[in-house]
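Working notes, structure below.
Everything numeric in this text was worked out from a predicted model, so none of it was measured. Chain naming here is simple, since letters A, B, ... match the order of the sequence lines and numbering starts at 1 in each.
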2 protein chains.
Amino acid sequence: MGNASQSVKTKKAPEIMEASKPDTATRIQDVAERLFVEHGFEATSLRMITQQAEVNLAAVNYHFGSKDALFESVFMRRLAPLISGCLAELDELEQQGGKLEVEDLVKTFIRPCLALSKDPSRGGALFVRLLSRTLVENHRQLREVISQQYSVFVQRYSVAFQKALPELGTEELAWRMHFAFSVMFNAFAGNDVLKIFVRSQVVSARDPDMIVKHLVPFVVAGLTSPA
Amino acid sequence: MGNASQSVKTKKAPEIMEASKPDTATRIQDVAERLFVEHGFEATSLRMITQQAEVNLAAVNYHFGSKDALFESVFMRRLAPLISGCLAELDELEQQGGKLEVEDLVKTFIRPCLALSKDPSRGGALFVRLLSRTLVENHRQLREVISQQYSVFVQRYSVAFQKALPELGTEELAWRMHFAFSVMFNAFAGNDVLKIFVRSQVVSARDPDMIVKHLVPFVVAGLTSPA
DNA sequence: TTAGTATTTATATGTTTGTTTGAAACGGCA
DNA sequence: TGCCGTTTCAAACAAACATATAAATACTAA
């Protein structure tokens with residue numbers, strides 16, 4: 001096993017939980033995630049990754065098949081749980097009946113993002129930043145995979161928001177959702193447009209709870225503003 | 001002249017306006033702008049640029065000094081006029097007295113962006129996308145240059161928004177401006193987070209006027225929502 | 001025209017890139 | 001112990017990279 005590119009890694013967990021370092025493949029993923037976020041896909045060389053992960057250069061191609069496949073693996077490892085988390089919250093909200101409130105709907109998306117951001121064992125805010133990079137770089141094949149597997153995500157939210165905002169036309173709603181998710185993603189990713197213009201790095205408070213506190217009212221106001 | 005990296009290009013304009021191709025340096029900038037947007041800085045090689053611009057490989061280093069300097073040149077060529085445009089609108093609005101309305105303030109930023117987006121001779125929406133890429137990749141030295149020259153941009157808008165929204169604390173206002181500029185930038189850059197999840201490319205209407213029509217109410221609502 | 005500078009060209013340099021290879025080392029099971 | 005599938009390793013690969021150099025050409029001013 002290994003050099004086949006389809007292997008996603010199914011190793012036995014070490015029985016006696018060693019406090020030291022994880023799996024080779026996992027170590028590669030962890031370092032790669034950080035470096036891809038920091039420098040982008042192209043600017044991150046396999047040598048940087050393998051050196052920091054303290055594994056042999058050939059290990060990447062052995063375990064993942066290629067640099068592209070490594071990226072996809074790193075990406076999907078985080079995306080799947082995040083999407084599931086959102087859809088689970090959405091399920092719960094819809095099943096408890098009653099009128100769908102925009103704020104609650106927004107929170108079904110924000111809460112899993114917030115939870116992820118605060119969980120170092122899942123890379124913290126790294127993945128949201130990776131996602132925002134991936135949005136802007138265009139890894140065609142990855143987009144293919146994502147849209148094949150997760151188009152339901154957008155559909156579910158579209159339907160839900162339509163119910164919560166029945167007075168809006170589908171087009172108007174599409175625009176507002178576009179804007180809303182755009183703010184939310186970039187907020188969690190920490191992409192501050194204004195930061196590029198000012199010297200001080202102090203501005204970025206970075207506390208995820210603070211983000212949410214200010215983010216929710218802003219987004220809800222935008223979504224619910226009179227047509 | 002040429003190989004010194006400080007040369008920003010000061011060629012005579014061709015007297016008889018040839019309909020054919022512009023300056024070598026300009027041709028390089030035009031192609032580079034498009035390719036940097038499409039593939040990012042690292043993934044764009046000087047060979048791609050020079051081939052498409054139909055100039056010799058060494059021309060980049062001759063005219064701009066280095067790949068980094070070329071990027072900075074490409075970037076600044078568009079940033080400077082855009083910022084000036086915004087500040088000019090802001091000046092005009094402030095000088096005409098009366099209470100500062102949030103919507104008018106928002107429009108002082110949106111109008112120059114819209115004008116740029118609709119002007120092919122200035123690269124259309126390319127630069128906004130380049131800016132959004134630059135935000136996410138971090139070209140340190142470029143950030144330095146920008147913040148040195150254009151920190152006034154943020155200061156001016158901070159003061160203006162504070163006047164228009166006196167009931168907000170400075171911190172609350174900073175968050176809202178962060179969110180507002182984030183939506184606006186990403187709207188013009190066409191970074192649609194949801195697009196990555198759905199197959200159809202049809203969604204992206206792309207008409208800048210349409211963007212504005214829906215964008216302004218959303219942003220204004222977010223900014224003015226009760227504290 | 002001629003002299004001198006500005007630009008373009010072809011070619012070469014030395015790195016760095018992703019990927020491959022074949023052998024060595026490892027680990028569980030007979 | 002000896003075997004065998006799995007994993008690691010050092011080394012090498014061609015290809016592509018940014019940049020440098022010197023010769024060739026284009027242009028301008030006298």
Side-chain angles (χ1 to χ4, degrees), chain A residues 1-16 18 20-29 31-32 35-36 39-74 137 139 141-142, chain B residues 1-16 18 20-29 31-32 35-36 39-74 139 141:
Chain A
M1 193 267 261
N3 69 0
S5 62
Q6 97 287 21
S7 88
V8 188
K9 182 96 269 296
T10 22
K11 277 282 284 295
K12 43 138 221 300
E15 300 80 355
I16 298 176
E18 274 194 20
S20 60
K21 35 185 167 182
D23 217 36
T24 294
T26 306
R27 222 154 61 235
I28 292 175
Q29 286 180 314
V31 173
L35 292 180
F36 283 151
H39 306 103
F41 179 78
E42 297 282 349
T44 302
S45 72
L46 293 186
R47 283 168 177 81
M48 294 167 61
I49 297 173
T50 51
Q51 276 171 26
Q52 295 199 27
E54 295 177 274
V55 303
N56 188 270
L57 172 61
V60 169
N61 282 276
Y62 175 76
H63 285 282
F64 299 96
S66 69
K67 190 188 175 185
D68 283 281
L70 167 62
F71 183 80
E72 186 174 319
S73 145
V74 164
E137 311 175 355
H139 309 243
Q141 65 180 44
L142 181 57
Chain B
M1 193 264 264
N3 67 1
S5 62
Q6 97 288 18
S7 91
V8 188
K9 184 93 269 296
T10 22
K11 278 280 284 295
K12 41 122 223 301
E15 301 81 354
I16 298 176
E18 274 193 22
S20 61
K21 35 187 169 181
D23 217 36
T24 294
T26 306
R27 223 155 60 237
I28 292 175
Q29 286 180 314
V31 172
L35 292 180
F36 283 150
H39 305 105
F41 179 78
E42 297 281 348
T44 302
S45 71
L46 294 185
R47 283 167 178 80
M48 296 167 60
I49 297 172
T50 52
Q51 275 171 26
Q52 295 199 25
E54 296 177 273
V55 302
N56 189 271
L57 172 61
V60 169
N61 280 276
Y62 174 74
H63 285 282
F64 300 94
S66 69
K67 189 186 176 186
D68 282 283
L70 167 62
F71 183 80
E72 187 174 318
S73 145
V74 164
H139 309 243
Q141 66 180 43

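Checked by distance alone, Arg47(B) brings a side-chain donor or acceptor within 3.5 Å of a matching partner on the base of dA18(D).
Separation of atoms OG1 (Thr50(A)) and CZ (Arg27(A)) is listed at 11.5 Å; rounding is to 0.5 Å.
Thr24(A) has its side chain out of reach of Tyr62(A): every pair of non-hydrogen atoms, C-beta onward, lies at least 4.5 Å apart. For the pair Val60(B)/Val55(B), no side-chain contact is recorded, criterion being any heavy-atom separation below 4.5 Å from C-beta on.
At whole-Å resolution of the value, CG in Leu46(B) and C1' in dA20(D) are 13 Å apart. Regarding Lys67(A), its NZ atom lies at a distance of 9 Å from the P atom of dT17(C), rounded to whole Å. Whole-Å rounding puts the His39(B) NE2 to dA16(D) P distance at 15 Å. Here dT8(C) presents its C1' atom at 14 Å from CG of Asn61(B), a figure rounded to the nearest Å. Computed from coordinates, the Ile49(B) CD1 to dA16(D) P distance equals 17 Å when rounded to whole Å.
Among the nucleotides dT19(D), dC17(D), dT7(D), the one closest to any side-chain atom of Ser45(B) is dC17(D).
Looking at heavy-atom distances under 4.0 Å, Thr50(B) makes no contact with the nucleic acid at all. Contacts of Ala58(A) with the nucleic acid, taken as non-hydrogen atoms under 4.0 Å apart, include base atoms.
No side-chain donor from either of His139(A) and Gln141(A) sits under 3.5 Å from a side-chain acceptor of the other.
For dT7(D), neither phosphate oxygen OP1 nor OP2 lies less than 4.0 angstrom from any side-chain nitrogen or oxygen of Thr24(A). Phosphate proximity of dT6(D) to His63(A): absent, as no side-chain N or O sits under 4.0 Å from OP1 or OP2. One finds a side-chain N or O of Asn56(B) lying less than 4.0 angstrom from the OP1 or OP2 phosphate oxygen of dA10(C).
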